[in-house]
Amino acid sequence: MNDLFASLPATKSDYSARDIEVLEGLEPVRQRPGMYIGGTDERALHHLAAEVIDNAMDEAVSGHANRIDVSLEEDGSLSVRDNGRGIPVDRHPKFKDKSALEVILTTLHSGGKFSSRVYTTSGGLHGVGVSVVNALSEWLEVEVARDRNAWRQSFARGKPVSKLTNLGPVQNRRGTTVRFKPDPEIFDEGMAFKPARLYKMARSKAYLFKGVEIRWFCAPSLLKENDPTPEEASLHFPGGLTDFLADNLAEKACVTTEPFAGRADFGDTEGSVEWAVAWPEWGDGFVHSYCNTVPTPQGGTHESGLRMALLRGLKNYGEMVNNKKAAQITADDVLGTACSMLSVFIANPQFQGQTKDKLSNAEAARLVEAAIRDRFDHWLSGAPDMANALLGWTLDRADDRLRRRQEKEIQRKSLVGKRKLRLPGKLTDCSQGDAAGTELFIVEGDSAGGSAKQARDRKTQAVLPIRGKILNVASAVLAKINANQEVSNLIQALGCGTRDKYDPAALRYDKIIIMTDADVDGAHIATLLMTFFFKEMPGLVRGGHLYLAQPPLYRIAQGGKVLYARDDPHKEELMAAEFTGRGKIEISRFKGLGEMPSAQLKETTMNPKHRTLLRVTLPAEYQEMRDTANLVEELMGKKPEHRFEFIRKNALNAGEVDI
Ligand code: 28F
């Protein structure tokens with residue numbers, strides 16, 4: 001690996017302070033830590049540790065360090081040390097009175113990592129920079145040994161509390177040490193580094209880069225008696241990913257007697273790839289992929305390269321041995337339950353996705369596939385018994401997949417018969433056959449329909465978008481009702497017929513949930529729908545099948561706390577009861593269900609575990625059909641004077657009625 005970076009401009013200090021792009025101060029970080037480390041929970045806390053360790057790893061990967069010490073101290077602080085070049089301490093050209101080190105520690109995005117000239121592969125690239133760690137630490141201390149001198153500077157919550165101090169000459173020592181204590185004011189109550197999590201992080205780094213030895217230390221008092229994490233360990237794995245895979249596999253019986261593993265440089269392009277794949281006989285597999293030793297849990301282009309190499313290689317092998325069936329295997333057949341590890345080193349990695357952990361460099365797919373395909377072909381032809389075992393096992397999986405698909409097809413056909421073939425195109429049906437436990441959400445328009453489709457549980461929840469205001473059936477004659485597309489969609493989707501032909505046994509869903517926007521229009525559409533059900537299927541209402549969803553109108557957030565309010569009164573109630581603490585309160589109003597992220601729609605309105613539904617029932621005195629018809633006529637009929645009369649009579653207990 002070191003030779004790879006020999007090509008760098010190896011001048012005396014191939015870095016100068018002018019590489020630093022200083023963008024902004026650290027205040028925003030303490031105001032909204034979630035924006036920088038994804039929250040203030042345990043995962044976010046360990047993100048600080050990862051950031052510092054990644055910076056030390058960068059020094060190692062770029063060939064300037066070969067040892068990193070990670071120590072969890074008695075006081076809960078973490079100390080990371082590398083024997084690299086040491087963060088530069090020379091005066092910063094743009095900030096006369098500050099050293100490069102102080103600028104890096106106190107300004108966002110000040111690491112040169114954004115100017116790729118300084119670093120070719122940088123683990124911390126999509127990281128937030130050590131300045132964020134500084135901002136979110138109660139205290140942080142940096143020591144640098146560089147050019148035979150030692151320097152130290154201390155900070156508190158991102159602000160310097162000492163000048164850069166020269167500690168005097170040092171003989172044969174160089175590198176950077178960062179020691180910090182996360183700020184309890186920022187992180188959730190009782191947050192502390194977990195030894196096991198840090199140890200696993202350090203160990204994975206050592207597996208991923210064989211050119212570094214990581215020494216682990218943990219204060220004994222921090223180790224609970226049942227915690228297998230060692231107090232001390234030296235982590236160095238010349239076997240790289242093969243060792244890592246063996247460690248993860250833990251003696252599972254595999255289809256091939258040895259894993260398919262290797263590493264390769266990308267020839268003319270900078271960078272390299274390492275991989276290790278095993279096929280356990282049974283059980284779920286996993287894919288652990290990394291870029292510049294940083295985990296990429298969302299995968300990305302490097303993983304597609306691996307998948308393509310193995311799929312094409314195995315199909316090609318199948319052809320070579322005249323196995324016709326090999327043509328139908330898919331990447332999922334090959335890798336679906338395989339245990340694969342993949343580590344790439346590339347310059348300027350681009351990450352995408354909300355949490356920036358999916359590699360998106362198109363180049364990486366090509367480079368990885370070419371490198372691995374070549375070795376896979378050799379591996380297969382070099383060991384026919386293993387290759388045939390793998391091909392046979394993969395074909396069995398392909399057969400299982402095809403059989404499952406046929407079974408599903410047959411089941412669907414049989415279901416369609418039972419669930420009445422003619423269904424409206426607008427209906428997104430649920431997959432469960434019988435009605436018990438199924439729900440039909442009637443939503444307003446296609447955008448709300450889109451969110452609802454994403455948020456729903458496909459097995460039990462169906463969605464029927466209706467456009468605009470449906471026909472007011474109270475005043476419409478039967479012919480007009482059936483002519484109305486929206487209404488006839490609804491009648492078809494429910495399957496139970498109307499009026500005297502209503503057959504509750506044929507009802508295709510257990511719950512019919514009206515989920516309109518939480519505004520006046522939505523309320524009007526809900527009223528029109530209830531009128532429809534009262535008029536056309538009163539039995540459905542009396543049977544307790546009709547509900548109103550309660551989508552929130554407001555989202556109230558303060559720090560990590562988020563609550564939803566149904567309406568203005570509920571919002572006031574929550575503000576008084578739940579949001580009394582300090583810190584900025586954010587209130588956002590949902591304009592319509594279509595604007596609400598599907599995850600929130602699911603969480604607040606559709607998920608039976610969290611939602612509240614209003615069941616539409618007939619008031620006791622209206623149990624009789626006749627009375628119901630009269631009531632609906634009064635409220636929704638042609639003659640507005642009936643409506644006004646009803647409102648006048650009942651308005652007293654309705655408070656402010658906006659007509
Ligand atoms: C315990 C954590 O952070 N180690 C680091 C270096 C070395 C250089 C460096 C770091 C300003 C913006 C380029 C030195 N000499 N361990 C660490 N070691 N940063 S962080 O430079 C930062 C510059 O990016 C370094 C010559 N080139 C680079």
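Each ligand, and each atom within it, is numbered from 1 in the order the structure gives. We count residues from 1, following the sequence as given.
- Within the structure, no pair that satisfies the ring pair (Phe, Tyr, Trp, His ring centres under 6.0 Å) test touches residues 133-156, not counting sequence neighbours.
- For the pair V70 and I214, the minimum side-chain heavy-atom distance is below 4.5 Å.
- Residue V80 has at least one heavy-atom neighbour below 4.0 Å for each of these atoms of ligand 1: 1 (C).
- Atoms CD and CD, on E143 and Q153 in that order, are 12.0 Å from each other to the nearest 0.5 Å.
- Atoms of ligand 1 lying under 4.0 Å from any heavy atom of R85, numbered from 1 in the order shown and given with element: 14 (C), 15 (N), 25 (C), 26 (C), 27 (N), 28 (C).
- Residue G84 places no heavy atom under 4.0 Å from ligand 1.
- With sequence neighbours excluded, the residues that form a side chain to side chain contact (heavy atoms under 4.5 Å, CB included) with S588 are R555.
- Taking the side chain as every heavy atom from C-beta outward, L335 and V277 approach each other to under 4.5 Å.
- Atoms of ligand 1 lying under 4.0 Å from at least one heavy atom of I104, given by number and element, are 11 (C), 22 (C).
- In the displayed structure, H610 atom NE2 is contacted under 6.0 Å by more than 12 heavy atoms of other residues, nucleotides or ligands.
- Close approach of ligand 1 to R146 (heavy-atom distance below 4.0 Å) involves ligand atoms 14 (C), 15 (N).
- When non-hydrogen atoms are compared, ligand 1 lies under 4.0 Å from the side chain of D82 (C-beta onward) but not from its backbone.
- Residue contact check for ligand 1: G86 places a non-hydrogen atom closer than 4.0 Å to it.
- Distances below 4.0 Å separate heavy atoms of V52 from the following atoms of ligand 1: 1 (C), 2 (C).
- By the 30° and 60° cut-offs, the orientation of the rings of Y207 relative to F244 is parallel.
- Looking at H64 against ligand 1, nothing comes within 4.0 Å, counting heavy atoms.
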